[in-house]
Amino acid sequence: MKSEITISELAKLMNVSVHQIRYFEEKGVLQPAYTDTNQYRKYGMDQIYELARILLLRKLEVPVQSIKECMISHSADQQRQLLHHSLQEIEAELLRLQELRQFILKVLHEQQSYSLQPGPFHIKKRNSTFLTSFIQLDSHMRLNAAVLAEQANHILNLFEADIHYLYDGSDTVTLYLETQVPGDTTLPEGEYLTLQCNIQEEELEHWIEQFFDYAAAQSIPLLGPLVVIERSYLSLFSPGMLHYELQGLIAPAAKSEGGDPS
DNA sequence: CTTCTCACA
DNA sequence: TGTGAGAA
């Protein structure tokens, strides 16, 4: 009595595609019990158990290739290695997803806080920030594709970074990325006069003037370089525009000089 | 119904 | 690492 089943019956039984079963065969991890005279594959209990084992390992993300190697020499030690490796991959993926999650939250938060601003100007407390330079430009020269391409190694994910431009009054402007460890420069902690705008790149010069005009009109004493932060990820919802945040450190009021009624 | 091959993600 | 289409 022939108790073996066809490939489609096996597929239905194990909730997988017929294709996948043939794929396992091609990769050498699951042979049919025999092939019928009509070339149809036939499977028995042994194959059912074997397939169950393979599917379990696949569910644990063990590569088919590894499953095959493990069938030849199945030391229990090697089996644990497979699962250890899977575990590492999973943890790396977990980390990737957590970072992705953080980034989405960051975009949402920054976008929300920007849209809630009543006006373009406000005062913002900044913690001290470590910056590492990655490119320098003449102040008259616009950032172009060619110079970016030269630096391509340094900047994997420009589109998601806060790019800091520092205008220190000299004729060059330096681009920085934020880093966790101390780098080329540190922005001091303190209160920053801040101007946020969503504009075409050409308008930036104009807004820089607005920034200093406003500071002068309000008698706000600025200290140190002008910081321009480009948050390209905030331009997600306004194509063609760039989001800039202009910041200047407000000089701390000298101790014994009254005059600030707050 | 099965088989295989090819192109595609 | 599979899937989908098409021919036989």
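Per chain, numbering begins at 1; letters A, B, ... match sequence-line order.
Between A:Arg41 and B:dT3 there is a side-chain polar atom (N or O) within less than 4.0 angstrom of OP1 or OP2. The phosphate of B:dC1 has neither OP1 nor OP2 within less than 4.0 Å of any side-chain N or O from A:Thr6.
One interatomic measurement links the two molecules: CG of A:Leu51 to P of C:dG2, which rounds to 11 Å at whole-angstrom precision. Put simply, CG on A:Asn38 is 8 Å from P on B:dT3, counting in whole angstrom units. With rounding to whole Å, A:Ile54 atom CD1 is found 13 Å from C:dT1 atom P. Regarding A:Gln39, its CD atom lies at a distance of 21 Å from the P atom of C:dA7, rounded to whole Å. Look at CG on A:Asp36: it is 10 Å from P on B:dT3, rounded to the nearest Å. When rounded to the nearest whole Å, the span between NZ of A:Lys27 and P of C:dG2 equals 11 Å. The nearest whole Å value for the distance from the CE atom in A:Met14 to the C1' atom in C:dG2 is 17 Å. In this structure, A:Tyr23 atom OH and B:dA9 atom P are separated by 17 Å, rounded to whole Å.
Nearest approach of A:Leu249 to A:Glu189, heavy atoms of both residues: CD1-O, 4.4 Å.
Checked against A:Arg41 for a salt bridge (charged side-chain N to carboxylate O under 4.0 Å, His left out), the options A:Glu4, A:Glu26, A:Glu9, A:Glu25 give a single hit: A:Glu25.
When each of A:Tyr40 and A:Glu26 is assigned the nucleotide of DNA chain B with its nearest heavy atom, A:Tyr40 is the one assigned upstream, toward the 5' end.
When heavy atoms are screened at a 4.0 angstrom cut-off, A:Val18 is found touching no nucleic acid atom at all.
Note: A:Phe103 and A:Tyr233 have perpendicular aromatic rings, judged against thresholds of 30 and 60 degrees for the angle between ring planes.
Listed nucleotides B:dT3, C:dT1, C:dT3 differ in distance to A:Arg22; the shortest reach to its side chain belongs to B:dT3. Side chain of A:Ser17, nearest nucleotide from C:dT3, B:dT2, C:dT1: C:dT3. Here C:dG4 is the nucleotide among B:dT2, C:dG4, C:dT1 with the atom lying nearest to any side-chain atom of A:His19.
If you take CE on A:Met71 and CG on A:Leu30, they are separated by 8.0 Å, rounding to the nearest 0.5 Å.
A salt bridge is defined here as a Lys NZ or Arg NE, NH1 or NH2 lying under 4.0 Å from an Asp or Glu carboxylate O, and A:Glu99 with A:Arg96 fails to meet this definition.
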